[in-house]
Number of protein chains: 2
Amino acid sequence: MNTSQPIPIAIIDDHTLFRQGLISLLSEFPELDIIFEASDGRDMQQRFSSARAVPEVILMDITMPVMDGFAATAWVRQHYPEMHILALSMREDDKAIIRMLRSGAGGYLLKESKALEVLNAIKTIREHGHFLNDLVTLRLLRNLQNNATSGAGLELSNNELKFLQLCCSELTYKEIADQMNLSPHTIDNYRQEIFQRFHIKSRTGLVLFALRNELISL
Amino acid sequence: MNTSQPIPIAIIDDHTLFRQGLISLLSEFPELDIIFEASDGRDMQQRFSSARAVPEVILMDITMPVMDGFAATAWVRQHYPEMHILALSMREDDKAIIRMLRSGAGGYLLKESKALEVLNAIKTIREHGHFLNDLVTLRLLRNLQNNATSGAGLELSNNELKFLQLCCSELTYKEIADQMNLSPHTIDNYRQEIFQRFHIKSRTGLVLFALRNELISL
DNA sequence: AATAAAAAAGTGAAAAACAGCTTTTGTTTT
DNA sequence: AAAACAAAAGCTGTTTTTCACTTTTTTATT
């Protein structure tokens, strides 16, 4: 099943020269069959209907006019869930990589890659549903762990912390006072103090503040 | 620097037999130097002060009495940021793996692993700060992509959605009405309707609801 | 065009949240 | 023991939120 039929692929990239070059390179491989190419997400959507076949793997650029790679990937994900998307971009910042994966890409390659690497990635993603190189895995881990910088350098007293955590519920301040065995007025002091210190103006603001600083987890 | 000094390690696991067996196996490797062992997180904390040296890598079980692997890892992370933690557990569910990595583990091994794999992982994590095998990378990707199941099956009208999103701010209902070009009373209708439909009792509840269903992102 | 259903707008009243400022209590400092 | 300080509790008044209802306007259906 691997050698018999070539893998149908599509290439989405707004730089004509790069696209043509890539097609030229990949045409050398009999394992691949390039179904269509498109210059951005919108263009891709149209090609789907007129194409002679359905691609199994899509090579997707990120930076494109009209409809970028994030949106295009999300769209494919929704309309053709079985299709595999391999991001192919010059960008190697965490943000781009994470967002592309979150949008539904199963792998991420830099444009500096060699043709054989691309071929290998296409085969891998077709077979396993994902192509995970060091580039990707490192960012994934970093993303997860960086997010876990729970409330550092916030300088909250124990009571203030507990108060903030209880704020993230449907308890009224009065009920929070009961839970903490304090007078409602004391709770009001905490509230006012925190409002002032962190430029917060409402109970809703308290909840968002606690959440953003990971003082609680949903 | 790799071959000269053995790598100081510690082993935290509540099953004495497993711990002893592991120590016996790893003692065979001259590249390792087992500084201490502990039966749970609390025990580990105490051993730190009395140990003859500081470990560079800690092999950490998850399921333990008193103080489990998650808490112990977070503690080490905070008090010895330079130390590397290698999770070593029987559990292979997404939840455990993700949570352990989020707590600060740099790698995750199953207890079925071979001794040589453990040795290799220890070396890798000491050198690169992380040991990323397929087990880990797969879960990381899945975690990221699964999380993108924003508010499915919630049946909210466009206006209700926009209202909920605006609720996650310090705007008052009146200001939200302005933003949406609607009367405050209509906003009140939305509020009341959503309160009833999803058993919510306060503005705070609305924020939490929107957040839990990923209607907005922080 | 009549009718039903949904969305939007309105009233009025009670509870909760917000703001500013004062007093009491308890602990530390000297 | 007095002074200094912070945490806790208190008071007053305004605004926002919440609740239970009714009415008008718009949209869809037959």
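These numbers come from a predicted model, not from an experiment. First the proteins, then the strands, lettered A, B, ... as listed; each starts at 1.
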Check: [X] side chain, [Y] main-chain N or O, donor-acceptor pair, under 3.5 Å:
X	Y	result
B:Asn133	B:Tyr108	yes
B:Glu175	B:Thr172	yes
B:Arg126	B:Pro8	no

| Tell me, do A:Glu160 and A:Glu193 make a side-chain contact under 4.5 Å, heavy atoms counted? | yes
| said: Do A:Tyr173 and A:Leu166 have side chains that approach each other closer than 4.5 Å (heavy atoms only, starting at C-beta)? | reply: no
| said: Generate the contact string for nucleotides 17-28 of chain D. Rules: B means base contact, S means sugar-phosphate contact only, - means no protein heavy atom under 4.0 Å. | reply: SBBB--------
| message | Is there a side-chain contact (heavy atoms from CB on, under 4.5 Å) between A:Thr186 and A:Asn159? Walk through the geometry before answering. | response | CA-CA 10 Å; A:Thr186 307; A:Asn159 268 355; over 6 Å; no
Does [X] put a side-chain nitrogen or oxygen below 4.0 Å from OP1 or OP2 of [N]?
X	N	value
A:His185	D:dG10	yes
A:Tyr190	D:dA8	yes
A:Thr186	D:dA9	yes

| query | Closest heavy-atom contact between B:Arg203 and B:Phe195? | reply | N-CZ, 4.0 Å
Atom [atom1] of [X] to atom [atom2] of [N]: distance rounded to whole Å?
X	N	atom1	atom2	answer
B:Asn159	C:dA7	CG	C1'	9 Å
A:Lys162	D:dA7	NZ	P	16 Å
B:Met180	C:dA9	CE	P	11 Å
A:Asn158	D:dA7	CG	C1'	14 Å
B:Phe163	C:dA7	CZ	P	15 Å
A:Leu182	C:dT25	CG	C1'	14 Å

| query | Quick one: bend of the helix from C:dA1-D:dT30 to C:dT30-D:dA1 from 5 pairs per end, to 10°? | reply | 40°
| Distance under 6.0 Å and angle within 45° of the ring axis: does A:Arg99 meet both against A:Phe70? | yes
| query | Relative to the ring of A:Phe48, is the ring of A:Tyr80 parallel (under 30°), tilted (30 to 60°) or perpendicular (over 60°)? | reply | parallel
